[in-house]
Each structure stands twice: as structure tokens, then as C-alpha cells.
Number of protein chains: 2
Amino acid sequence: MSTVILTLRRGEDGSAVLALPLVLRTRDPYADQWALPGGWLTAAESPVDAAARTLAETTGLSPSYLEQLYAFGAVDRSPTRVVSIVYWALLRQDDVTAQIAAHRASGRAPENVRWFDVDELPELAFDHSRIIDYALWRLRNKVGYSRVAQGFLPEEFTLAELREAYESILGRQLDPANFRRQVEAAGNLIPTDRFRTGSHRPARLYRDNTDVELADRGPLGPEETSTR
Amino acid sequence: MSTVILTLRRGEDGSAVLALPLVLRTRDPYADQWALPGGWLTAAESPVDAAARTLAETTGLSPSYLEQLYAFGAVDRSPTRVVSIVYWALLRQDDVTAQIAAHRASGRAPENVRWFDVDELPELAFDHSRIIDYALWRLRNKVGYSRVAQGFLPEEFTLAELREAYESILGRQLDPANFRRQVEAAGNLIPTDRFRTGSHRPARLYRDNTDVELADRGPLGPEETSTR
DNA sequence: CCAAAAGTGTTATAACTACACCCATGG
DNA sequence: CCATGGGTGTAGTTATAACACTTTTGG
């Protein structure tokens with residue numbers, strides 16, 4: 001049971017980049033290599049609960065989105081053949097930065113956990129590199145027909161911030177004018193009467209319209225997906 | 001490990017309907033109830049291989065398409081909690097009818113296996129009813145951006161036959177003219193110089209263009225999907 | 001006033017839909 | 001020749017993309 005935990009991190013050049021936490025393995029196989037955080041199913045919990053639990057154990061946070069990715073079980077995956085259910089999750093940008101700041105302040109950061117930008121990943125244990133590729137592919141796909149991208153953002157956000165999230169995920173620039181019209185037409189946003197001020201013309205703040213179903217999981221729906 | 005095995009069956013009114021094989025359980029839990037065919041993973045095989053094996057065991061056939069559906073593992077699924085990787089598969093119409101005819105001729109049809117139309121399913125064991133709903137949802141989705149529907153048809157087929165498959169899957173009529181243009185533009189078909197004759201104007205026969213990737217699994221690709 | 005981002009309008013192109021129409025065959 | 005499904009043409013509508021333009025703020 002592993003999880004690809006994604007968030008948007010602000011790089012030193014000011015642009016947003018996808019990042020994920022990895023854990024350094026302490027025992028064989030693949031000792032001293034980086035791997036996806038994970039754990040084992042206990043008898044009393046469902047896989048999605050176990051994913052949320054291990055996510056909390058490694059990051060101290062609860063995800064804004066959590067969905068099953070795939071069940072891997074090829075015999076050549078690992079010396080001892082293992083079937084692993086992999087999940088993928090999104091964390092809110094502000095949750096992550098707050099948590100990292102708290103760790104720095106308390107001096108009690110979790111050992112053996114490090115955040116990597118997705119374009120600067122180290123060599124990974126098992127087939128975890130391919131799994132991350134698949135998770136990123138799923139995210140890029142899903143962002144086209146679902147409002148998952150809002151899982152990266154705080155409660156209230158501007159359209160420019162949302163567009164930046166889309167651009168980081170998709171890896172290309174989007175036209176601000178057309179982007180605005182598309183997300184407005186999709187009905188995923190509720191405009192507030194508050195504005196982000198500070199530079200140039202103030203930008204209206206929006207928040208997630210939770211009335212609109214994610215509507216992309218089919219009959220599985222909310223039971224198997226965790227949203228916040 | 002279970003599999004939702006789908007095929008197109010010609011109903012008595014001449015229209016095509018989705019159908020799937022179920023097996024009657026002989027032991028508890030859910031003894032004497034219908035359930036999805038399945039089995040257990042052996043140590044030496046991958047889940048996708050196990051799915052293909054159990055599929056062959058229950059139907060005697062090999063699928064034209066086979067893909068993982070979901071890994072179910074909620075604690076309330078079954079009295080003894082089980083994690084089950086579920087696959088979904090397509091069988092070619094002509095394979096199925098030939099196999100059923102062979103069984104009838106030899107008098108050695110597999111016991112406890114029966115084909116049901118998807119709109120006339122009996123009460124099912126476990127959460128298999130919901131699993132079938134999800135598989136049908138996946139199929140209806142996938143048919144919109146992939147050429148999976150061709151998995152139901154024989155080597156060569158007319159556009160009317162392909163359109164009928166789409167209509168059965170989607171549950172609505174499609175415009176023949178627009179359908180033709182769309183599938184031709186998609187490049188999934190290779191026209192042959194043969195025609196289906198017999199009534200009215202002969203219809204050109206097409207076959208699957210295997211050069212075009214299914215291109216809808218992302219980085220997982222062919223390793224985890226079986227196509228024929 | 002100026003730079004820059006927020007937000008609106010306009011136009012060209014492509015995709016989708018409906019439906020009229022012609023073509024070729026069996027009876 | 002006629003009924004019927006195979007196959008083509010075409011016009012209206014809608015989605016998408018590109019980009020000019022106006023608005024509103026901070027400095």
C-alpha cells in the first residue's frame with residue numbers, strides 16, 4: 001500500500017512546481033533508496049483508510065483529494081512478490097507550507113522524509129518511478145474534466161492562482177481570458193465578494209463549489225474517494 | 001480476483017445487448033447466489049495473467065481486451081475481509097456464439113455458468129452488482145475516446161455493425177452519417193476491398209487498425225493490458 | 001501617468017449535429 | 001421499379017483558440 005502524494009510548491013524562481021514526499025528506505029530490499037510512502041493494511045481498515053493513515057503518518061496532514069491509482073502485482077516487481085494497492089492524493093499548498101514551517105520551528109521534522117520536485121526525482125526503489133509517471137498522467141488527464149486542481153489551493157483563491165495550478169500540472173501556458181470563461185462555465189467556482197489586493201488591479205477571490213459532484217468516478221463515487 | 005466479462009449478444013428481437021457470464025456459488029458465503037467468475041492468485045502469476053486464466057477456465061475463450069477495473073477491499077465487503085482485484089474483459093461476439101454452439105454439440109457445457117443480459121441480472125453475491133455497474137460505466141466512458149468497442153466484433157465488420165455495438169454500449173441511437181465520419185477520422189479502421197452482401201447495397205468491410213495504439217492507458221500501456 | 005494584471009469583446013477555426021440527398025442492391 | 005440500408009453533402013450550432021481591448025490598482 002503506497003501513495004503518490006502531490007502538492008504544488010513555489011520554486012525559488014517564483015513559479016509553481018509539482019512536488020511529492022519520498023521516504024528513505026532503511027532496510028532491504030532497496031535499502032538507502034528513496035521510495036513512495038506506504039505501509040501495510042491492518043485487518044480493521046479499508047485500503048483507502050490505510051492510505052489516509054500512512055499519508056498522515058508521513059506528512060502529518062490530511063489530503064484534499066484521495067483516489068485509488070492502480071493495483072500493482074507483477075511477479076518481477078520485487079524479490080518477494082507483493083501485490084500493492086497504490087493511491088494518489090493531493091495536498092493543499094498552504095497546509096504543506098504551514099506544516100513545514102511548524103516542523104522547522106519545533107525542530108522535530110520527520111526523519112527520512114524529503115520533498116522532491118517531480119522533475120528532479122532521484123533514483124527510486126521498486127517500480128515507483130513508473131508509478132509516479134502514471135499518477136502524473138492521471139492528474140493531467142483528470143484536470144481536463146474535473147475540478148481536482150482546486151485540491152491544491154486554499155479555501156479562497158484567485159483565478160490567476162487556479163490558472164497557475166493548471167499550468168503547472170499541464171506544463172503549458174493557458175490564455176487567461178479563455179481560462180476564465182471555461183472555469184466560469186463549468187460551474188465549479190463560487191465567486192466571493194472579497195478581493196486579493198496588493199498589486200495592480202484587485203482580483204476577485206473564488207471558492208470551491210462543493211455542490212457540484214466530482215462526477216468522474218462513476219458508480220464508485222464518494223465511498224471510495226475521499227474529499228475535503 | 002474477479003472479472004467482469006462482457007460480450008454483445010444478439011437478443012431474440014434481433015437487437016444487440018450486452019451480456020456477461022456469472023457463476024453459481026456452491027459454498028458459503030453467498031452459497032447458491034450468482035457471482036462474478038474469479039479465482040485466487042497463485043504465487044507464480046501476475047494479476048492480469050490470473051484474470052486471463054480464470055476467464056479461460058469459465059468461458060474457454062481468450063479475451064480481445066482485458067484491463068484492470070479496481071481493487072476492492074472495504075471491510076464490509078464480505079464476512080471474511082478480502083481484498084479483491086477486479087478486471088474487466090471483452091469477448092468477441094463470434095467467439096462466444098461458436099463456443100456456446102460447441103458446448104451444445106458436445107453436451108459438455110460448463111456447469112454453474114450462465115450468461116445474463118446486463119439489464120436482466122439476478123441478485124448477486126458480495127458487492128458484485130455495484131462492480132458490474134462500475135465496469136459498464138468504464139466501458140461507456142472508454143468507448144468515447146478509444147477503440148475498445150471493436151473488441152466485440154469479428155476480424156472484419158461493417159460500419160453498421162460497429163455502430164450497433166456503440167449504440168448497445170451507449171444505449172442510444174447514433175447518426176450513421178456522422179458516425180462514419182468520426183470513426184474514419186479517428187484512423188482506427190482499415191477498409192478492406194471486401195463487402196458484406198446479402199441485402200440492399202453491399203457494405204464495405206473494415207478491420208481493426210492495430211498500428212494505432214489504444215493510447216488511453218498512459219504510462220502503464222501494454223504491459224498491464226492484454227489485447228488480441 | 002505608467003506598468004501590469006484583471007477582466008471583456010471579437011473573430012477565426014474546428015468539432016459536432018441534424019438532416020437532405022444520391023447510390024446500389026435484392027426482390 | 002421500389003424499398004432499404006450504404007454512403008455523401010451541407011448548413012446550423014457549439015466549443016475552442018488567438019488576440020485586441022478596456023478597467024483598475026500600486027507606485
Q) With sequence neighbours left out, what residues match R204(B) under salt bridge (Lys or Arg N to Asp or Glu O under 4.0 Å)? A) none
Q. Is a donor-acceptor contact shorter than 3.5 angstrom present between the side chain of R201(A) and the base of dA5(C)?
A. no
Q: Before accepting this row, confirm whether a basic side-chain N of the pair R194(B)/E156(B) lies closer than 4.0 Å to the acidic partner's carboxylate O.
A: yes
(Q) The side chain of A177(A) is closest to which nucleotide in this list: dA6(C), dT25(D), dG9(C)? (A) dG9(C)
Q. Starting at CZ of R172(B) and ending at P of dT17(C), how long is that distance when rounded to a whole Å?
A. 7 Å
Q.
Quiz question: going by heavy-atom distance under 3.5 Å, is there a donor-acceptor pair between the base of dG9(C) and the side chain of R181(A)?
A. yes
Q.
Need to verify one output field. Residue with the more 5' nearest nucleotide on DNA chain D, S199(A) or N178(A)?
A. N178(A)
Q: Decide yes or no for Y70(A) and Q68(B): does some side-chain heavy atom of the first lie under 4.5 Å from some side-chain heavy atom of the second?
A: yes
**Q.** Distance in angstrom units between H200(B) NE2 and dG6(D) C1', rounded
**A.** 10 Å
Q) With a 4.0 Å cut-off on heavy atoms, is A160(A) in touch with a base, just the backbone sugar-phosphate, or nothing at all? A) sugar-phosphate
Q. Taking the side chain of R180(A) as its heavy atoms from C-beta onward, which of dA17(D), dT8(D), dG7(C) lies nearest to it?
A. dG7(C)
Q: Evaluate the side-chain proximity of V96(B) to I100(B): yes if any heavy-atom separation is below 4.5 Å, no if none is.
A: yes
**Q.** Side chain of D175(B) (C-beta onward), nearest among dC19(C), dG6(D), dG7(C)
**A.** dC19(C)
